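This structure is a prediction, so every number in the text was calculated from the model and none was measured. Only heavy atoms go into these numbers, but all of them, side chains included; no hydrogens, no water, no symmetry mates. Ligands are counted one by one from 1 in listed order, and the atoms in each one are counted from 1 as well.
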Amino acid sequence: MSLQQQNVFREKHVDLNSIKELPDSYTWSSVDSCPSSNSSEPVPVINLEDPNAMKHVGHACKTWGVFQVTNHGIPTSLLNSMEASGRKLFSLPFQQKLKAARLPDGVSGYGVARISSFFPKLMWSEGFTLVDSPHHHAQKLWPQGSGNFCDVIEEYKKEMNKLANKVMWLILGSLGIKKEDIKWGEIKEACAALQLNSYPSCPDPDRAMGLAAHTDSTLLTILHQNNTSGLQAHREGVGWVTVEPIEGALVVNIGDLVQILSNGLYSSVLHRAMVNRTQHRLSIAYLYGPPSNVRIAPLSKLTDNVNIPPLYRAVTWSEYLGTKAKHFNKALSFVSLCAPTSVFVDGNDNNKSNKSVLVG
Ligand SMILES: C=C1C[C@]23C[C@H]1CC[C@H]2[C@@]12CCC[C@@](C)(C(=O)O1)[C@H]2[C@@H]3C(=O)O
Ligand SMILES: O=C(O)CCC(=O)C(=O)O
Ligand SMILES: [Fe+2]
């Protein structure tokens, strides 16, 4: 790393637990508030054992882009061990966590949210991203031995993979897509990342932002929010709605790749995380996508080239992640085949609709 890179690196890493007053660099001028809970409908909750689950999933995808699932089959003990592993990691001394810092052009490791560079203000959170085996990082974090940390991560990824595959087929099934319509669907080892997010308690939560509004570049994301509220989803015509934690339930977010596959029938959901004054909030996101070199395009069953032309060109997940890293909320329009009629607003702190809006 050059000296300049090292300086940038240090500036980007701040121990939030040591800050007693919200610095200006963390003060977001106007965080739009959410509608009061009784004025808005809650995010749908779907029992995966319900015989009509597919129909409910389809409806939730069309209307919200986010839903909660119960009877999902992930053992409570595994959810609790994963939470404990996350807490063990984030409670390490700051200098220790920096030993597993994400490198400037890397994907996995400890650091600020990747999307930070698109916003003028800093976010009140720290994250840890894992794409491959956790062993390399665990060794740096706990040179004397990391206990069951790696086993818990591996088990969690294995179980989440099964659930994500099941939910993906409910989503595709609700669009009338069958297994034979998709080649990569049978591939057991789909690609995925595990993102642990930590939101320390904040001295001035109303003016801070945990994780700014974004859509996930995935097929879908399964989020475990550990019974601490903070996640909000944006709903057209309503505004920001809090996804109230339900004990044992998991949140499913529709990502950009489902928007591409479904040819825009299902949109990815804009969401963000708020912070609070008293609790240290931890969330664990399983970011699920196709094998990274498979080309994803609108499903031919959903287009006909005459009345319903494909709205997006084919992209691989790795290509799309690169586009997202460079263009953030404009990424979908970069793969759009529509005339350049997209309307953008820059991703600043008071912008609640920083997602591309396709006109016409
Ligand atoms: C597989 C993925 C998906 C990534 C990039 C890469 C690894 C980490 C993911 C996240 C996790 C946190 C929000 C997000 C917006 C971010 O900053 O990093 C996500 C991003 C994306 O969905 O675009
Ligand atoms: O912490 C949350 O509730 C949201 C996390 C999230 O959106 C993400 O990791 O992509
Ligand atoms: Fe997200």
Inset, instruction - Check whether any side-chain heavy atom of Ser318 sits under 4.5 Å from a side-chain heavy atom of Asn293, and report yes or no. - result: yes

Legend entry - Which residues share a ring pair (Phe, Tyr, Trp, His ring centres under 6.0 Å) with Trp124, sequence neighbours left out: Tyr26

Inset, instruction - Within a distance under 4.0 Å of any heavy atom of Asp216, pick out the atoms of ligand 1 and give their elements. - result: 22 (O)

Legend entry - Protein residue, atom and distance nearest to atom 19 (C) of ligand 1, heavy-atom basis: Leu287 CD2, 4.4 Å

Legend entry - Exercise: do His271 and His214 side chains pair donor with acceptor under 3.5 Å: yes

Inset, instruction - Check each protein residue for a heavy atom under 4.0 Å from ligand 2 and list those that pass, ordered by chain and number. - result: Gln195, Asn197, Tyr199, Leu211, His214, Asp216, Leu223, Leu231, His271, Ala273, Arg281, Ser283, Ala285

Legend entry - Distance-only polar pair, side chains of Tyr266 and Ser174, donor-acceptor under 3.5 Å: yes

Inset, instruction - Could you go through the side-chain hydrogen bond (donor to acceptor under 3.5 Å, both in side chains) check for Asn197 and Ser283 one step at a time? - result: CA-CA 5 Å; Asn197 298 299; Ser283 78; 3.1 Å; yes

Legend entry - Any donor-acceptor N or O pair under 3.5 Å, side chains Lys324, Thr215: yes

Inset, instruction - Return yes if a side-chain donor-acceptor contact under 3.5 Å exists between His280 and Asn17, otherwise no. - result: no

Legend entry - Spatial distance of atom OG (Ser125) from atom CG (Leu211) [nearest 0.5 Å]: 5.5 Å

Inset, instruction - State the CD1-CZ distance between Ile260 and Arg295, to the nearest 0.5 angstrom. - result: 12.0 Å

Inset, instruction - May I ask you to identify the nearest protein heavy atom to atom 1 (C) of ligand 1, giving residue, atom name and distance to one decimal place in Å? - result: Trp317 CZ2, 3.7 Å

Legend entry - N or O contact, Ser217 vs ligand 1, cut-off under 3.5 Å: yes

Inset, instruction - Kindly compute the distance separating CE (Met82) from CD1 (Ile153), expressed to the nearest 0.5 Å. - result: 3.5 Å

Legend entry - Residue and atom names of protein N/O/S atoms that fall under 2.8 Å from the Fe ion (ligand 3): His214 NE2, Asp216 OD1, His271 NE2

Inset, instruction - Please identify which atoms of ligand 1 are closer than 4.0 Å to at least one heavy atom of Thr129. - result: 7 (C), 8 (C)

Inset, instruction - Please name all residues satisfying ring pair (Phe, Tyr, Trp, His ring centres under 6.0 Å) with Tyr286, sequence neighbours left out, ordered by chain then number. - result: none

Inset, instruction - Say whether Leu321 and ligand 1 are in contact under the criterion: heavy-atom distance to a ligand atom below 4.0 Å. - result: yes

Legend entry - Output field: ring centroids Phe67/His56 closer than 6.0 Å: no

Inset, instruction - Would you mind running through ligand 1 and noting each atom that sits below 4.0 Å from a heavy atom of His214? - result: 13 (C), 15 (C)

Legend entry - Best match, His271, Arg114, Met123, Arg102: closest heavy atom to atom 16 (C) of ligand 1: Arg114

Inset, instruction - Check Tyr320 against ligand 1 and report side chain, backbone, both or neither, counting heavy atoms closer than 4.0 Å. - result: neither

Inset, instruction - Ignoring hydrogens, tell whether any protein atom lies closer than 4.0 Å to atom 21 (C) of ligand 1; use the non-hydrogen atoms only. - result: yes

Legend entry - Distance (rounded to the nearest 0.5 Å) between Met160 CE and His72 NE2: 7.0 Å

Legend entry - Atoms of ligand 1, numbered as shown, that sit under 4.0 Å from any heavy atom of Ile115: 15 (C), 17 (O)

Inset, instruction - Would you check if there is a donor-acceptor pair between the side chains of Asn276 and Tyr199 at a distance under 3.5 Å? - result: no

Inset, instruction - Hey, can you tell me if His137 and Phe128 have their rings parallel, tilted or perpendicular (30° and 60° cut-offs)? - result: perpendicular

